[in-house]
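A short worksheet on the structure shown next.
As a basis for the values below, the full set of heavy atoms in this structure was taken, side chains included, without hydrogen atoms, waters or symmetry mates. Residue numbering restarts at 1 for every chain, and letters A, B, ... go by the order of the sequence lines.
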2 protein chains.
Amino acid sequence: MNSSTLGVRQAQKQKTRQALLDAGLRLLEEQSLSSLGLREVTRVVGVAPAAFYRHFRDMADLGVALVEESLASLHVMIRAVLAEQADAEEVIDRSVEAVAAHVALHPAHVRFIARERHGGVRAVREAIAAELERFGDEVAQALATQEESHGWSAEDVRMLAGLYVDHLVMTASAFLEAGGAGAEEERRIADTARRQLRLISLGRRHWRDR
Amino acid sequence: MNSSTLGVRQAQKQKTRQALLDAGLRLLEEQSLSSLGLREVTRVVGVAPAAFYRHFRDMADLGVALVEESLASLHVMIRAVLAEQADAEEVIDRSVEAVAAHVALHPAHVRFIARERHGGVRAVREAIAAELERFGDEVAQALATQEESHGWSAEDVRMLAGLYVDHLVMTASAFLEAGGAGAEEERRIADTARRQLRLISLGRRHWRDR
DNA sequence: TGTACATCAGTGAACGCGCGTTCACTGATGTAC
DNA sequence: TGTACATCAGTGAACGCGCGTTCACTGATGTAC
């Protein structure tokens with residue numbers, strides 16, 4: 001056994017751990033983390049309740065692990081959008097499409113973040129806040145390199161980045177709630193999101209000549 | 001006994017009901033509605049568990065009642081801000097001050113709304129969504145009468161109103177989380193909120209000449 | 001005003017149930033030689 | 001390669017506990033006459 005291939009024992013342990021995370025995420029679609037029980041999770045996975053302790057200290061610990069998992073995929077999506085080189089209008093269209101696609105692909109992850117961002121478990125709230133702050137920093141860094149940000153203070157760029165990140169989370173959870181409501185409602189949400197981004201983009205363009 | 005003064009019995013019942021709501025709100029500062037127990041609430045109030053059923057069907061029912069209570073005070077605050085006649089910069093300053101004051105005065109109400117807006121109890125989520133939509137409509141109505149909205153479509157005005165309402169909720173919960181972090185952090189949040197509102201206001205001013 | 005009866009907010013005991021945590025254990029996997 | 005021992009992921013039984021809900025009840029308040 002070398003460092004890149006895990007032994008059979010480690011591999012099996014990882015598998016069980018992932019099964020616990022998957023089961024937790026699934027159960028969290030219909031409740032909050034602070035009411036999710038350890039026995040519920042192990043029952044779904046099909047292991048003894050006590051096995052849980054081989055992987056997590058308690059449910060809050062599992063929640064923090066879910067934060068990392070949930071935001072990793074979002075991170076990839078955001079990077080892709082930021083990397084694009086196109087005019088403002090096109091970036092807006094692509095961003096809204098990317099958010100819609102992300103929600104369709106990872107609804108449980110998005111729901112978990114929206115639900116627990118202000119939820120009842122401190123450790124999880126803090127993990128989400130820290131991660132979203134890193135997102136904001138990353139967006140700010142990308143914005144700073146763009147021509148429209150010439151002459152902006154670092155604080156102003158960060159403020160705009162925060163507005164974008166908040167808008168992203170809002171739009172994602174709007175798509176999520178519309179999940180069952182049909183394509184009509186989804187189009188309405190996408191349309192509103194695009195117009196809001198256009199308005200913000202306009203404000204950005206005129207920021208210098210206030 | 002006439003219709004305006006309740007009998008002793010009715011008055012006592014109201015008092016107990018309010019005590020249950022107050023206790024629930026207090027207990028929800030450290031957990032989510034979906035994990036709050038009926039017995040916890042009655043224990044704090046000092047009544048028998050079974051007494052709960054004289055007032056609410058279950059905890060979700062109590063939650064819906066808390067939504068109405070929590071948003072009533074916010075409604076009053078928003079109306080006051082909207083009624084103001086002043087230049088944009090002044091309205092922004094007053095709005096952010098009003099939000100900060102509201103959070104300082106009703107922290108538990110704000111926390112409840114932020115937490116349960118995307119929480120695990122459907123009936124409560126829906127009650128909050130419906131109420132925030134009414135807020136949006138009201139803000140839109142106020143915006144429509146302003147000079148800057150001349151030539152705007154109703155849809156565009158409603159889109160802007162939605163942006164303001166979302167920003168309000170975001171800012172309120174940011175103030176809340178900063179609650180214990182000192183005046184420094186609060187000033188930073190107020191400053192960011194003001195700049196974001198200024199940028200949105202700029203976008204609004206240039207919306208027509210896109 | 002006084003009396004007889006109706007209402008109903010709150011009681012207290014009881015129920016079955018699922019919870020989180022502990023513990024000594026088992027047996028497959030890993031390691032040393 | 002084979003053997004003897006160590007490790008440790010997962011087991012299964014047990015524990016005490018608080019939960020939501022039910023029920024017949026009590027006694028203060030309300031109503032009709």
Side-chain angles (χ1 to χ4, degrees), chain A residues 1-24 26-28 30-66 119-124, chain B residues 1-24 26-28 30-66 119-124:
Chain A
M1 186 186 116
N2 60 40
S3 62
S4 74
T5 67
L6 286 69
V8 173
R9 202 188 251 170
Q10 284 293 319
Q12 176 54 42
K13 188 177 182 184
Q14 292 266 37
K15 233 175 104 182
T16 304
R17 186 189 135 97
Q18 191 57 49
L20 289 168
L21 289 170
D22 292 349
R26 199 190 105 193
L27 291 165
L28 284 170
E30 291 146 357
Q31 62 185 309
S32 302
L33 185 60
S34 77
S35 67
L36 179 60
L38 172 162
R39 278 175 182 267
E40 282 183 87
V41 176
T42 55
R43 197 181 304 124
V44 168
V45 174
V47 294
F52 182 89
Y53 296 104
R54 297 281 177 205
H55 303 276
F56 304 102
R57 221 175 317 114
D58 49 30
M59 287 303 308
D61 197 23
L62 179 141
V64 170
L66 278 178
V121 182
R122 174 186 296 270
V124 171
Chain B
M1 184 187 117
N2 61 38
S3 63
S4 75
T5 67
L6 285 69
V8 174
R9 201 189 253 173
Q10 283 295 317
Q12 175 54 42
K13 188 177 182 184
Q14 293 265 38
K15 233 174 105 180
T16 303
R17 186 189 134 99
Q18 190 58 47
L20 289 168
L21 289 169
D22 293 349
R26 199 190 105 194
L27 291 165
L28 284 170
E30 290 146 358
Q31 60 185 307
S32 303
L33 184 61
S34 78
S35 67
L36 179 60
L38 173 162
R39 279 174 181 267
E40 282 184 86
V41 176
T42 55
R43 197 182 304 124
V44 168
V45 173
V47 295
F52 183 90
Y53 296 105
R54 297 282 177 207
H55 303 277
F56 305 102
R57 219 172 320 113
D58 50 30
M59 287 302 309
D61 197 23
L62 179 141
V64 170
L66 278 178
V121 182
R122 173 186 296 270
V124 170

Next on the checklist: On DNA chain D, compare the nucleotides closest to Arg43(B) and Arg9(B); which residue's is nearer the 5' end?
Outcome noted: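 On the 5' side of the pair lies Arg43(B).
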
[X] vs [Y] side-chain heavy atoms within contact, under 4.5 Å:
{"X": "Val45(B)", "Y": "Phe52(B)", "value": "no"}
{"X": "Leu21(A)", "Y": "Phe56(A)", "value": "yes"}
{"X": "Leu66(A)", "Y": "Leu28(A)", "value": "yes"}

Within this structure, what is the [atom1]-to-[atom2] distance between [X] and [N], rounded to whole angstrom?
{"X": "Gln10(A)", "N": "dG10(D)", "atom1": "CD", "atom2": "C1'", "answer": "14 Å"}
{"X": "Leu6(A)", "N": "dA9(D)", "atom1": "CG", "atom2": "C1'", "answer": "14 Å"}
{"X": "Arg17(A)", "N": "dG10(D)", "atom1": "CZ", "atom2": "C1'", "answer": "17 Å"}
{"X": "Lys15(A)", "N": "dG10(D)", "atom1": "NZ", "atom2": "P", "answer": "11 Å"}
{"X": "Lys13(A)", "N": "dG10(D)", "atom1": "NZ", "atom2": "P", "answer": "8 Å"}

Item to check | Closest nucleotide among dG10(C), dG30(D), dT11(D) to the Thr16(B) side chain | outcome: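 Nearest to the side chain of Thr16(B) among the choices is dG10(C).
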
Item to check | Nucleotide nearest Ala50(A) when distance is taken to its side chain, options dC23(C), dG30(D), dG10(C) | outcome: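 Output: dC23(C).
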
Non-hydrogen atoms of [X] and [Y] that approach each other most closely:
{"X": "Val44(B)", "Y": "Ala23(B)", "result": "CG1-CB, 3.7 Å"}
{"X": "Ala60(A)", "Y": "Val124(A)", "result": "O-CG2, 3.8 Å"}
{"X": "Arg39(A)", "Y": "Pro49(A)", "result": "NH1-CG, 3.7 Å"}

Checklist entry - From His55(B) NE2 over to Leu62(B) CG, what is the distance, rounded to the nearest 0.5 angstrom? => result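 Answer for the NE2-CG pair, His55(B) versus Leu62(B), is 11.0 Å.
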
Checklist entry - How many angstroms lie between OG in Ser32(B) and CG in Leu33(A), if you round to the nearest 0.5 Å? => result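 Nearest 0.5 Å value for the OG-CG distance: 8.0 Å.
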
Next on the checklist: Near DNA chain C, counting only heavy atoms under 4.0 Å, which residues of residues 30-41 of chain A show up?
Outcome noted: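 Only Gly37(A), Leu38(A), Arg39(A), Glu40(A) qualify.
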
Checklist entry - When you measure from every atom of DNA chain C, which of residues 52-66 of chain B have a heavy atom less than 4.0 Å away? => result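 Per residue number, the list reads Arg54(B), His55(B).
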
Checklist entry - Does anything in residues 43-54 of chain B pair up under side chain to side chain donor-acceptor pair (under 3.5 Å), and if so which pairs, sequence neighbours excluded? => result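 Residue pairs passing side chain to side chain donor-acceptor pair (under 3.5 Å), neighbours aside: none found.
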
Checklist entry - Under the side chain to side chain donor-acceptor pair (under 3.5 Å) rule, what pairs show up with a residue in residues 12-23 of chain A, not counting sequence neighbours? => result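 Those involving residues 12-23 of chain A are Gln12(A)-Thr16(A), Gln18(A)-Asp22(A), Gln18(A)-Glu69(A).
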
Next on the checklist: Using a 3.5 Å limit for the pairing distances, which stems of at least 3 consecutive Watson-Crick or G-U wobble pairs does DNA chain C take part in?
Outcome noted: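 The stems are C:2-33 with D:2-33.
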
Checklist entry - Would you say dG10(C) has OP1 or OP2 under 4.0 Å from some side-chain N or O of Gln12(B)? => result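 Result: yes.
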
Item to check | side-chain hydrogen bond (donor to acceptor under 3.5 Å, both in side chains) involving Glu40(A) - partner list, sequence neighbours excluded | outcome: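 For Glu40(A), the residues satisfying side-chain hydrogen bond (donor to acceptor under 3.5 Å, both in side chains) (neighbours in sequence not counted) are Gln31(A).
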
